[in-house]
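Only one structure is covered here, and it is reproduced in the block below.
Naming: A, B, ... by sequence-line order, numbering from 1 per chain.
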Protein chains: 2
Amino acid sequence: MLTPERHRKIIEVLGEKSVVTIQELVEATSSSESTIRRDLSQLQKEKKLKRVHGGASLTHQKSEELSVFEKSDRNSLEKQRIAQYAGDLVETGDCIYLDAGTTTLKMIPHLKDREITVVTNAISHLEALSEHEIKTYLIGGLVKSKTKALVGSSAIKNLSSYRFDKVFLGMNGIHIEAGFTTPDPEEAAVKGLAISLSQNAFILADHTKFNETSFSKVADLSEAIIITNEIDDDVIYDFQDKTEIRVVTP
Amino acid sequence: MLTPERHRKIIEVLGEKSVVTIQELVEATSSSESTIRRDLSQLQKEKKLKRVHGGASLTHQKSEELSVFEKSDRNSLEKQRIAQYAGDLVETGDCIYLDAGTTTLKMIPHLKDREITVVTNAISHLEALSEHEIKTYLIGGLVKSKTKALVGSSAIKNLSSYRFDKVFLGMNGIHIEAGFTTPDPEEAAVKGLAISLSQNAFILADHTKFNETSFSKVADLSEAIIITNEIDDDVIYDFQDKTEIRVVTP
DNA sequence: CATTTTTCAATCATAAACAATCAAAAATAA
DNA sequence: TTATTTTTGATTGTTTATGATTGAAAAATG
């Protein structure tokens, strides 16, 4: 296996799992431990990952102080766990909506081998979906070139012709009074509609999103179930009057 | 095997695999290691690939250039000219439909700097469209994982809500009696509908498509204008009774 | 805390891949 | 045809990547 191929594989595995052991990589690439160690050193130098004892973990591109480094690492792992939990909720035969966003993207590997149908507004999810052989519908609409998501009135019209068993969304702000919020009004409209199209709407959010508000309101707290993890008990206490909140324990 | 042929082959293999070993190329071209090494050096100098120990890997290129190389046919230049002619037909303010396919993809660089709106069913065109900052709508529908095009009843429904100044389509077969044909029935349905949504539908086809028929009928010859080049005079004579045919001269 | 186990970086021999060179073969020109 | 240039494949010594081995360092265990 050639070096760039190996590197790509390593990054790919990390993208799906957030943390990986050297042994796993040795197997995945059928090369020796020494080689993997060298690869990891190099990729670390290129800031593509962070070495940890026994393997490697994702790193966020932000090159700030060390504590922040660790924090963003933990977030990614957090997202990973949330994504896995959410993925496990999906049952054979379900028709689900998958919103654009990094957490929902991480759900895809966990949707494998169930005969489900996915509807999405995220062009960036298509590759992973097709890799895992999942039947996929894209809603129509204006292509937002920055985020590669579909928005606009035509997206709304198109989306409203579907109904879902379950809906999974990312969210930027979750607040007791402001409810669910997100920066972009157009994306907010799409998210809000998606929530209303299913009896089971799930918001995937790590702890950093709580008590934050963003520009555009998507929905009231009561309209969707929150999936999160590593959150203070008093925060849960505050929210559980307003909506169902599920905490994923590691 | 001739040098340009070898080079094309190398790029083609790379397009499919991203990374390739020298040994694989030696086999694929039945030439010696030395020759392949020389080829790789040269192609690297031309920025077409990047050499790595043991072989070569893709460099990041603009999407339309990439797919130009993927198709290793000598018709590539022909398609290029047709695409340019078609691109020049588009006027400021136009709203056009761009079908999936290699020739229509090549139109995109020629659409620059006019304030147009593009509607397409081709996910593979999005990157190039966004690179050239063209306002783009995607129709909704089922994602066909092989061709990355949108098809199905939902695509049809979605597409039928638009009207276009001009429509540009690729086509597999053009035949005096069978009309316009293409292998996939689902894609044929989308193409056929697109043609009916504009007063100006253009079929982009190099000379190899003439007097060929494929499985699914898209439309009658009279429904669209054919753009082609390098075609025998007697073929033109046959067709010009049935429809308008424009020959792009180099 | 001491001990055991695992993981690590450094070193080294080996095998693979490399650039450079050269002669034969093929293509082109005279 | 012959002469000249270009392309090719084999050979050379050199460089690079790899995997095994080692003792040191770090976690895990008791």
Side-chain angles (χ1 to χ4, degrees), chain A residues 1-59 65-74 76-78 80-81 230 249-250, chain B residues 1-59 69 72 74 77:
Chain A
M1 202 176 221
L2 262 36
T3 311
E5 205 177 345
R6 240 173 21 239
H7 286 195
R8 226 162 27 95
K9 187 88 197 173
I10 292 172
I11 299 293
E12 186 192 325
V13 171
L14 260 178
E16 285 189 4
K17 303 203 16 169
S18 289
V19 253
V20 67
T21 67
I22 297 227
Q23 280 315 311
E24 284 172 316
L25 293 174
V26 166
E27 271 187 50
T29 62
S30 22
S31 32
S32 74
E33 212 177 290
S34 306
T35 301
I36 296 295
R37 282 182 201 293
R38 271 185 286 257
D39 287 340
L40 293 184
S41 306
Q42 192 182 336
L43 287 168
Q44 175 168 250
K45 232 181 275 169
E46 295 168 17
K47 303 267 166 72
K48 303 269 179 67
L49 52 76
K50 189 179 166 204
R51 293 191 69 178
V52 295
H53 198 86
S57 94
L58 275 185
T59 170
E65 45 183 315
L66 210 99
S67 65
V68 178
F69 242 103
E70 285 168 358
K71 196 175 168 187
S72 67
D73 266 351
R74 224 175 45 223
S76 162
L77 226 155
E78 218 174 320
Q80 187 59 49
R81 293 213 183 95
E230 293 188 28
T249 47
Chain B
M1 201 176 226
L2 264 39
T3 309
E5 200 179 347
R6 239 172 23 238
H7 286 196
R8 249 199 341 259
K9 186 89 196 172
I10 292 173
I11 298 294
E12 186 192 331
V13 171
L14 258 179
E16 284 167 11
K17 302 204 5 167
S18 292
V19 209
V20 68
T21 66
I22 298 232
Q23 281 316 310
E24 285 171 319
L25 293 174
V26 166
E27 273 188 49
T29 62
S30 20
S31 32
S32 74
E33 213 176 289
S34 307
T35 302
I36 297 294
R37 280 181 203 292
R38 271 186 288 259
D39 288 340
L40 292 185
S41 305
Q42 192 182 335
L43 287 167
Q44 175 167 252
K45 232 180 274 168
E46 296 168 17
K47 305 268 171 75
K48 305 263 177 74
L49 51 77
K50 188 172 155 222
R51 292 192 69 178
V52 297
H53 198 89
S57 90
L58 273 186
T59 55
F69 287 119
S72 60
R74 63 182 186 293
L77 206 100

_I'd like to check the side chain to side chain contact (heavy atoms under 4.5 Å, CB included) partners of R6(B); sequence neighbours left out, ordered by chain and number._
M1(B), T3(B), T29(B), S31(B), T35(B), D39(B)
*Identify, residue by residue, the members of residues 18-42 of chain B with a heavy atom below 4.0 Å from DNA chain C, and return them in order of residue number, or none.*
I22(B), R37(B)
Set out, line by line, the N/O atom pairs under 3.5 Å between protein and nucleotides 12-15 of chain D.
none

*Hey, what do you get for CD1 (I36(A)) to OG (S41(A)), rounding to the nearest 0.5 Å?*
11.0 Å
*By salt bridge (Lys or Arg N to Asp or Glu O under 4.0 Å) - contacts of E24(B) (at least two apart)*: K17(B)
_What is the distance, to the nearest angstrom, from the CZ atom on R51(A) to the P atom on dA25(D)?_
16 Å
*V19(A) and S57(A): which non-hydrogen atoms are nearest, and at how many Å?*
CG1-CB, 3.5 Å
*Just how far is it from atom CG of L2(A) to atom CZ of R8(A), taken to the nearest 0.5 Å?*
10.5 Å
*Looking at R37(A) and E33(A), does any basic side-chain N land under 4.0 Å from a carboxylate oxygen?*
yes
*Mapping V52(B) and G55(A) to their closest nucleotides on DNA chain C, which lands nearer the 5' end?*
G55(A)
_Please report the end-to-end axis angle for the helix from dC1(C)-dG30(D) to dA30(C)-dT1(D), five pairs per end, rounded to 10 degrees._
30°
*Nearest whole angstrom, please: distance from the C1' of dT18(D) to the CD of E5(A).*
16 Å
*Rounded to the nearest 0.5 Å, what separation is found between the CG atom of L49(B) and the CD atom of Q44(B)?*
7.0 Å
*Could you list the residues that satisfy side chain to side chain contact (heavy atoms under 4.5 Å, CB included) with E27(B), not counting sequence neighbours?*
none
*Looking at CD1 of I10(A) and NZ of K48(A), how far apart are the two atoms once the value is rounded to the nearest 0.5 Å?*
11.0 Å
*Measuring from L40(A):CG to H7(A):NE2, what's the distance to the nearest 0.5 Å?*
8.0 Å
